[in-house]
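Indexing begins at 1, ligand by ligand and atom by atom, following the structure's order.
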Amino acid sequence: MKNATDAEIIPFPAKAQIIPRSEHNISRDNISKEALKVLYRLKQAGYKALLVGGGVRDLLLDVEPKDFDIATDARPEQVRELFRNCRLIGRRFRLAHVHFGREIIEVATFRANHETDGDRLIEDGMILRDNVYGDIDDDVWRRDFTVNALYYNIADFSIIDYVGGVADVKAGRIRFIGDPEERFREDPVRMLRAIRFAAKLGFTIEPATEAPIPQLAHLLEDIPPARLFEEVNKLFLGGSALQTFEKLRYYGLFKQLFPEVELSLAQEEAGFPHMFLIKALQNTDARISEGKPINPAFLYSVMLWDPMQEQTQQFQKNGAPLFEAQRLAADNVISKQIAKVAIPRRFTHVIREIWELQNRLENRQGKRPYALLQNKRFRAAYDFLLLRADVCMAPKELADWWTEFQTADKQRQQEMQVALPADKSKRRRHRKRKKTPQA
Ligand code: ATP
Ligand code: MG
C-alpha cells in the first residue's frame with residue numbers, strides 16, 4: 001500500500017463534461033425496459049431523470065449491470081404519485097423503489113450538501129441521516145467513487161461526467177470524490193464498497209483512497225449488524241468472493257466482520273481452514289458464473305466451521321460429550337457472529353443443520369443413509385462434505401461413497417452398505433455398554 005502523500009492528485013474537471021451519444025458505447029437497448037419505463041415516465045411528468053451509479057459504470061465496461069439506479073429531482077413522494085407499484089423505503093436515506101415483479105428500480109432524489117435545510121443528522125463525522133435534496137450538480141459530490149458518479153441522460157443519450165469518472169473507468173481506478181478519510185468517516189461502509197468494486201471489476205483502489213482504510217477499519221464497529229449483513233452478502237455473492245476475501249484481509253476489514261474466523265485463520269495461515277475457505281469461495285464464484293443458486297447459509301457454515309470445531313474441542317476437554325459440545329460450540333460461535341453481522345434466524349438454522357448432518361453422514365448402516373437422502377439439507381451437507389474431503393478434513397472414501405450412493409440403484413446401494421468398513425462407533429458403544437454393569 002502506498003502512502004497517501006505519494007498519491008497522484010487527479011484534479012476534478014472545472015465543469016461537467018458532456019459526452020455525446022456518438023462518443024460512448026452505451027445504448028438504450030442495454031437498459032432494462034423497466035428502467036426505461038421509469039426514466040420516461042419521470043421525464044414526461046416534467047422531472048429530470050438520469051441513470052446513475054453501477055448501471056452506467058457497468059454498461060461502459062460492457063458488463064451486465066446488477067441493477068439500475070435512477071436519479072431525479074422529483075421528491076420521493078412525487079415519485080410515489082407517478083407509480084402505483086412504488087414503495088418509499090429507508091429512514092437514513094429515503095428512496096423510492098419501483099417494483100416490476102422481482103425487478104426493483106431504485107429512484108433516488110438528488111442529494112445536496114447544504115448544511116441548513118432538510119433532514120440531515122451527523123454524529124462524530126458519521127452521517128446518520130441524509131435527506132437534504134438538491135440538484136444534479138449537488139448530488140454528484142455526495143456519491144462515493146468517481147466511477148459511480150456518472151449520469152446517463154435519456155433526454156439526449158449523453159453521459160454527464162463531473163468528476164473524471166469516464167477516465168477512471170478506462171483506467172480501472174476506484175477513486176473517492178473528496179477527502180477519503182472524511183468520506184470514510186461519514187459512512188464506513190464505503191470501505192467495503194471500495195473493496196467490492198475493486199474485486200468485482202478488477203480495478204485498483206488509487207493510493208489516496210486506500211491509504212486510510214487500515215486505520216479506519218475499526219469504524220465498522222459502529223455500523224448496525226443488519227446493514228453489515230446486507231453488505232457481506234453483496235461482498236461474497238457477487239461472483240468475486242475469493243478476490244474480495246483476500247482484499248478484505250489485506251486491508252484489515254475481514255477481522256471486523258468475522259473476528260473469530262480471522263483468529264483461526266491467523267493461527268493456521270497455510271493450513272486446512274485457509275484452504276477450506278478458499279475452495280469454498282472458488283466454488284461459490286464458479287456456481288454464480290454458471291447461474292446456479294447460492295444459499296448464503298452455506299457460505300456462513302463454511303466460514304464459521306473452524307471456529308466451531310475449535311470450540312467443540314474446548315467443550316469436550318471440559319467434559320462435555322461430543323454432541324453436547326458441538327451444540328454449545330455452535331450456539332457460541334453463531335451468537336458472537338450475529339453480534340457483528342446479523343445473519344437472520346432462517347439462515348442460522350440452516351448453518352446448524354449443515355453442521356449436524358456432517359456427523360450423520362458418517363453413519364451409513366441400516367436405514368439411516370436412505371433417510372438422509374430425503375433430508376432437505378442433504379444436498380448442502382453433501383457439498384460441505386465434498387469440500388472437507390477436498391482439503392483432507394474428511395475421508396475421501398466417505399465423500400466418494402456418498403457420491404455413488406445417491407445415484408446408485410437399490411441393489412448397488414445394498415452392496416455398498418455390505419461393503420462398508422466395520423462401524424467403529426458401534427463397536428465402541430457396544431464395549432461401553434458391556435463395561436457399565438461391571439462398574
Ligand atoms: P451495484 O453494482 O452493486 O448495484 P452500485 O454502484 O450501483 O453498484 P448501489 O448500492 O446500487 O451501488 O448504489 C447506487 C449508487 O448510489 C452508487 O453508484 C453511488 O453513486 C451511490 N451510493 C450508494 N451507496 C453509497 C454510499 N454509501 N455513499 C455514497 N454514495 C453511495
Ligand atoms: Mg446499483
Side-chain angles (χ1 to χ4, degrees), residues 30-32 34-35 38 50-72 89-90 92-98 103-113 120 122 125-132 134 136-152 159-163 165-166 168-169 174-203 205 209 216 219-220 222-224 227-228 230-241 244 288:
N30 301 123
I31 302 169
S32 77
E34 291 82 8
V38 176
L50 301 108
L51 201 63
V52 67
V56 184
R57 178 196 68 216
D58 292 349
L59 288 178
L60 279 174
L61 290 164
D62 283 324
V63 171
E64 191 186 338
K66 184 168 71 59
D67 53 33
F68 288 97
D69 306 292
I70 289 173
T72 180
I89 62 143
R92 196 177 62 84
F93 202 82
R94 208 157 169 69
L95 292 170
H97 271 182
V98 186
E103 170 137 11
I104 296 173
I105 305 294
E106 198 165 279
V107 184
T109 306
F110 295 139
R111 294 292 189 286
N113 220 351
R120 170 174 292 131
I122 301 181
M126 179 141 72
I127 298 181
L128 297 182
R129 221 167 32 245
D130 189 0
N131 292 307
V132 181
I136 179 169
D137 52 358
D138 303 306
D139 184 78
V140 63
W141 310 106
R142 308 293 316 146
R143 299 200 169 261
D144 47 8
F145 310 109
T146 58
V147 294
N148 286 349
L150 296 166
Y151 300 84
Y152 176 77
I159 291 174
I160 308 175
D161 181 4
Y162 286 84
V163 290
V166 172
D168 284 340
V169 169
I174 303 290
R175 181 162 61 109
F176 240 131
I177 300 170
D179 175 60
E181 178 162 347
E182 194 182 310
R183 306 284 337 261
F184 282 136
R185 284 187 186 280
E186 281 178 356
D187 181 5
V189 167
R190 290 171 182 156
M191 294 186 274
L192 301 179
R193 291 175 57 85
I195 305 301
R196 174 153 68 88
F197 298 128
K200 172 180 154 178
L201 306 168
F203 280 19
I205 308 177
T209 299
L216 300 181
L219 293 175
L220 287 178
D222 301 329
I223 305 299
R227 188 172 175 214
L228 287 184
E230 297 297 325
E231 286 302 321
V232 166
N233 277 348
K234 289 186 201 166
L235 283 164
F236 287 104
L237 304 176
S240 313
T244 304
I288 289 172

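Among the atoms of Glu106, none of the N, O or S atoms falls under 2.8 Å from the Mg ion (ligand 2).
Checked against a 3.5 angstrom limit, the closest N/O atoms of Arg183 and ligand 1 fall outside it. Considering backbone and side-chain atoms together, Phe197 places no N or O closer than 3.5 Å to any N or O of ligand 1.
Asp168 places no side-chain N or O within 3.5 Å of a backbone atom of Thr146 that could act as its donor or acceptor partner. Listed for the Arg183 side chain is a donor-acceptor partner under 3.5 Å among the backbone atoms of Arg143. The closest donor-acceptor contact from the side chain of Thr209 to the backbone of Phe176 lies under 3.5 Å. Asn148 contributes no side-chain N or O that, together with a main-chain N or O of Gly53, makes up a donor-acceptor pair within less than 3.5 Å.
Within Asp69, the N/O/S atom positioned nearest the Mg ion (ligand 2) carries the name OD2. Of all the N, O or S atoms in Asp67, the one closest to the Mg ion (ligand 2) is OD1.
Residues Leu150 and Val147 share a closest heavy-atom pair of CD1-O, 4.1 Å. Nearest approach of Val163 to Trp141, heavy atoms of both residues: CG1-CZ3, 3.6 Å.
Among all protein heavy atoms, the one lying closest to atom 30 (N) of ligand 1 is Asp144 N, 3.2 Å. Of the protein's non-hydrogen atoms, Asp69 OD2, 3.2 Å is the one closest to atom 11 (O) of ligand 1. Scanning all protein heavy atoms for the shortest distance to atom 27 (N) of ligand 1 gives Asp187 OD2, 2.8 Å. Scanning the protein for heavy atoms near atom 1 (P) of ligand 1, the closest one is Lys66 CE, 3.6 Å. Taking atom 6 (O) of ligand 1 as the reference point, the nearest protein heavy-atom neighbour is Arg57 NH1, 2.9 Å. The protein atom (non-hydrogen) at minimum distance from atom 5 (P) of ligand 1 is Gly54 N, 3.5 Å. Ranking protein heavy atoms by distance to atom 24 (N) of ligand 1, first place goes to Arg193 CZ, 3.2 Å. Distance from atom 28 (N) of ligand 1 to its nearest protein heavy atom, with residue and atom name: Arg190 NE, 2.8 Å.
Heavy-atom proximity to Asp67, at under 4.0 Å, picks out these atoms of ligand 1: 4 (O), 11 (O). For ligand 1, the atoms sitting less than 4.0 Å from at least one non-hydrogen atom of Gly53 are 18 (O), numbered in the order shown with element in parentheses. Applying the 4.0 Å criterion to heavy atoms of Lys200 picks out, from ligand 1, the atoms 2 (O). Annotation for ligand 1: atoms under 4.0 Å from non-hydrogen atoms of Arg142 are 29 (C), 30 (N).
Counting heavy atoms from C-beta on, the side chains of Phe145 and Arg57 never come closer than 4.5 Å. Counting heavy atoms from C-beta on, the side chains of Asp58 and Lys200 come closer than 4.5 Å. Two residues are said to be in side-chain contact when any heavy atoms from C-beta on lie closer than 4.5 Å; Val140 and Tyr151 meet this criterion.
Comparing Glu186, Lys234, Arg196 against atom 3 (O) of ligand 1, the shortest heavy-atom distance belongs to Arg196.
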From CA spacing to verdict: salt bridge (charged side-chain N to carboxylate O under 4.0 Å, His left out), Glu181, Arg185: CA-CA 6 Å; Glu181 178 162 347; Arg185 284 187 186 280; 3.1 Å; yes
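At a heavy-atom cutoff of 4.0 Å, ligand 1 is contacted by both the backbone and the side chain of Asn148. Heavy atoms of Arg143 found under 4.0 angstrom from ligand 1 belong to the backbone as well as the side chain.
With rounding to the nearest 0.5 angstrom, the CZ atom of Arg190 is 11.5 Å from the CD atom of Glu231. Here the CZ atom belonging to Phe68 is positioned 6.5 Å from the CG atom belonging to Leu51, to the nearest 0.5 angstrom. Once rounded to the nearest 0.5 Å, the distance linking CG of Leu50 with OG1 of Thr72 reads 8.0 Å.
Within the 4.0 Å heavy-atom cutoff, Glu106 does not count among the residues contacting ligand 1. Contact analysis leaves Val189 out of contact with ligand 1, as no non-hydrogen atom separation drops below 4.0 angstrom.
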